[in-house]
Amino acid sequence: MTQTLPEISPTGAAVRTVDAVVIGAGFSGMYMLHRLRQQGLTVQVFELADGVGGTWHWNRYPGARCDVRSMEYSYSFDPDLEQEWQWSEKYPTQPEILRYANHVADRYDLRRDIQFETRVESTVWDDEAERWTVRTDRGEVLSAKFVVHASGCLSIYKTPEIPGLESFSGPWYHTARWPREGVDFSGQRVGIIGTGSSAIQSIPVIAAQAADLTVFQRTPNFAVPAHNHEFPPGYQEEMKAHYPEFRQDARTSMLGIPHPPAEKGALEDDPEARRRRYEKAWHDKDNTLVDLMAAYTDMLTDKEANDTAAEFVRERIREIVKDPETAEALCPKDYPIGTKRICVHTDYYETYNRDNVHLVDLRKTPLVEITRDGVRTTEQEFRFDALVLATGFDAQTGALTSMDIRGRAGLQLKEHWDEGPRSYLGIAVANFPNMFIITGPQSPSVLSNMMVSIEQHVEWVSDAIQYVQEHDLRTIEATPEAEESWVEHNAEVGNSTLFPTANSWYMGSNVEGKPRVFMPYIGGVGPYRERCDEVAAKDYEGFVLAG
Ligand code: N01
């Protein structure tokens with residue numbers, strides 16, 4: 001379709017016309033760019049960072065690794081790429097993943113269409129022109145037929161909701177914005193706030209370097225041992241010989257990680273048999289973070305079944321941590337295991353046996369403020385040379401609601417999502433035509449191997465765009481009815497599990513004022529893919545296509 005556009009925007013900036021704007025150059029944005037270019041579209045990617053990699057560009061904290069095995073946490077779209085890239089160990093480090101992201105960017109010559117160090121400030125639908133107007137913080141204005149949000153599920157980091165951070169006289173570091181050159185904590189007294197995945201990975205590494213480390217814990221987490229190791233000779237070659245079948249199993253699995261389906265409920269096994277299963281999930285050097293929860297069919301639906309695994313992990317914590325009071329404080333007791341993201345650790349619990357590591361249980365003595373010299377709880381002031389904030393993210397919706405996104409008649413996405421995200425398939429939103437979200441809320445996203453979900457979304461979205469182009473259509477847009485029924489389906493599936501009983505970032509409970517809604521889709525990666533494929537096969541059922 002051709003259209004007449006003013007060459008100068010109302011602000012005086014020259015308007016550039018492209019077929020598609022993609023926001024974000026992490027694994028989603030990079031693959032989106034590659035696909036759309038292959039389809040002959042002109043594409044502009046904007047990225048806030050000065051390099052590709054998204055989450056792996058920013059999260060450079062000590063000990064940062066993926067909790068999905070390297071050979072699964074990689075693209076499968078090009079057999080040559082997956083055969084030529086060599087991973088070195090079970091769980092890849094952040095530098096290794098970032099090297100891989102850069103390799104992909106070079107291999108497919110992606111950088112020429114990525115503009116770095118640029119924040120997209122707004123994307124506004126022009127009802128008359130039927131195009132998106134995209135504005136950046138550099139004053140650029142683009143007119144695009146399609147906008148794809150590939151801005152990540154965990155990209156807007158949060159600091160603790162207590163006063164005083166600006167008054168701290170030493171340096172502070174957020175795990176999600178770690179300095180590129182690293183930080184040397186040698187000889188320092190360090191305080192860390194938070195005990196989620198980022199903290200659980202960084203605490204053992206910081207503890208080994210700092211003179212003294214104090215961990216401020218509000219909620220303990222369940223963590224399973226990583227058993228990370230370098231690949232034995234021949235392992236990688238063997239995996240690569242079977243990559244196509246392995247990848248296919250991942251695509252049709254529940255979590256994007258192949259796993260034999262559980263056959264019975266936890267309470268159907270006798271205690272000894274159950275223990276053997278849990279022991280295997282705990283000790284097996286090739287274990288994954290899903291093994292424990294995937295041992296039985298009802299782990300995430302039946303509290304009593306769930307309790308058996310939760311107690312198994314608490315027993316391990318009590319076994320490892322020598323000081324009984326510390327061990328007890330580290331034992332999660334007030335939410336079912338798996339309803340907050342399970343962490344994967346290397347020496348996390350063991351670290352509390354070091355003389356230079358101290359745990360402060362904020363349930364007993366809450367944080368009051370950050371002071372010039374350190375941190376004050378209701379009990380005492382702790383003095384530090386440096387502070388680490390591992391306090392998480394405004395997950396899933398944060399990157400989208402913090403941008404000015406306006407659809408038909410100026411409707412703001414933030415307003416539309418006032419009571420929680422609303423989407424069709426987690427991909428599209430009613431009244432926001434020609435706009436797609438990669439791994440958005442209400443898709444499996446954070447409950448899956450992200451690479452599997454990213455590839456599925458990117459391929460589905462680029463196919464939808466191709467359909468629009470080939471049929472000479474102007475717009476594709478989710479209907480309000482399709483959106484409503486997907487929102488209801490999400491809630492129904494979510495509410496049939498134990499997930500809503502936990503205060504987790506899945507529920508938005510970690511951000512003050514955020515609606516408490518279970519955001520990811522828990523119906524499973526395989527079934528979700530089938531539903532998406534069915535929608536496409538029925539000429540995009542639930543969408544209005546206007547020609
Ligand atoms: O963040 P989190 P994260 N006072 O939200 C605490 C992925 N990831 O960066 O639970 C005191 O989990 C907060 O306490 P509480 C993975 O999906 C993956 O660690 O709210 N404490 C919590 O302990 C993960 O789930 C990998 O009570 C405060 C912590 O800060 C997700 O990213 C590695 C506080 C935040 O934990 C997020 O992980 C890292 C306050 N005011 C991350 N505010 C791997 O692949 C917050 N907290 C391995």
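Every number for a ligand or one of its atoms is a count from 1 in the order of the listing. Numbering of residues begins at 1 and proceeds along the displayed sequence. Note that this is a predicted model, so its numbers are computed, not measured.
For ligand 1, the polar-atom distance check against N510 finds no nitrogen or oxygen pair separated by under 3.5 Å. Distances between N or O atoms of A390 and those of ligand 1 include at least one value under 3.5 Å. The shortest N or O to N or O distance between S197 and ligand 1 is below 3.5 Å. For W505, a nitrogen or oxygen atom sits less than 3.5 Å from a nitrogen or oxygen atom of ligand 1, counting backbone and side chain alike.
Short contacts between ligand 1 and G196, defined as distances under 4.0 Å to a heavy atom of the residue, involve ligand atoms 12 (O), 19 (O), 23 (O), 29 (C), 36 (O). Counting atoms of ligand 1 from 1 in the listed order, those under 4.0 Å from a heavy atom of I193 are 11 (C), 21 (N). Listed by atom number, the atoms of ligand 1 under 4.0 Å from G194 heavy atoms are 6 (C), 23 (O), 29 (C), 30 (O). Listed by number with element, the atoms of ligand 1 under 4.0 Å from a non-hydrogen atom of R65 are 44 (C), 45 (O), 48 (C).
Taking the six-membered ring where the residue is Trp, the centroids of H229 and Y91 are separated by 6.0 Å or more. If you look at Y335 and F222, their ring centroids are closer than 6.0 Å. For W486 and Y521, the ring centers sit closer than 6.0 Å to each other.
A donor-acceptor pair is defined here as one N or O able to donate and one able to accept, closer than 3.5 Å; such a pair exists between the side chain of Q236 and the backbone of W87. Between the side chain of Q396 and the backbone N or O of Y506 there is no donor-acceptor pair closer than 3.5 Å. Between the side chain of Y424 and the main chain of V487, no donor-acceptor pair closer than 3.5 Å is present. Looking at E96, its side chain does come within 3.5 Å of a backbone N or O of S88 through a donor-acceptor pair. Listed for the N287 side chain is a donor-acceptor partner under 3.5 Å among the backbone atoms of P225.
The nearest non-hydrogen atom to atom 20 (O) of ligand 1, considering only R218, Q201, K158, comes from R218.
For atom 10 (O) of ligand 1, the closest non-hydrogen atom of the protein is K340 NZ, 3.1 Å. Protein heavy atom closest to atom 33 (C) of ligand 1, with residue, atom name and distance, is Y61 OH, 3.1 Å. Atom 27 (O) of ligand 1 has as its closest protein heavy atom T219 OG1, 2.5 Å. When only non-hydrogen protein atoms are considered, atom 1 (O) of ligand 1 lies nearest to G392 CA, 3.2 Å. At the top of the distance list for atom 9 (O) of ligand 1, counting protein heavy atoms only, stands S198 OG, 2.6 Å.
Heavy-atom separations between L362 and ligand 1 include at least one value shorter than 4.0 Å. Within the 4.0 Å heavy-atom cutoff, L154 counts among the residues contacting ligand 1. Using 4.0 Å as the threshold, Y506 has no heavy atom nearer than that to any atom of ligand 1. At least one heavy atom of T195 sits closer than 4.0 Å to an atom of ligand 1. Contact analysis leaves Q217 out of contact with ligand 1, as no non-hydrogen atom separation drops below 4.0 angstrom.
Atoms CG and CD1, from L413 and I437 in turn, are 6.5 Å apart once rounded to the nearest 0.5 Å. How far OH of Y100 is from CG of L81: 4.5 Å, rounded to the nearest 0.5 Å.
Between the side chains of S197 and R65, no donor N or O sits under 3.5 Å from an acceptor N or O.
At a heavy-atom cutoff of 4.0 Å, ligand 1 is contacted by the side chain of L367 but not by its backbone. Contact annotation: for E161 versus ligand 1, heavy atoms closer than 4.0 Å belong to both the backbone and the side chain.
Tested against R189 for a side-chain hydrogen bond (donor to acceptor under 3.5 Å, both in side chains), the candidates D212, T214, D385, N356 yield a single pass: D385.
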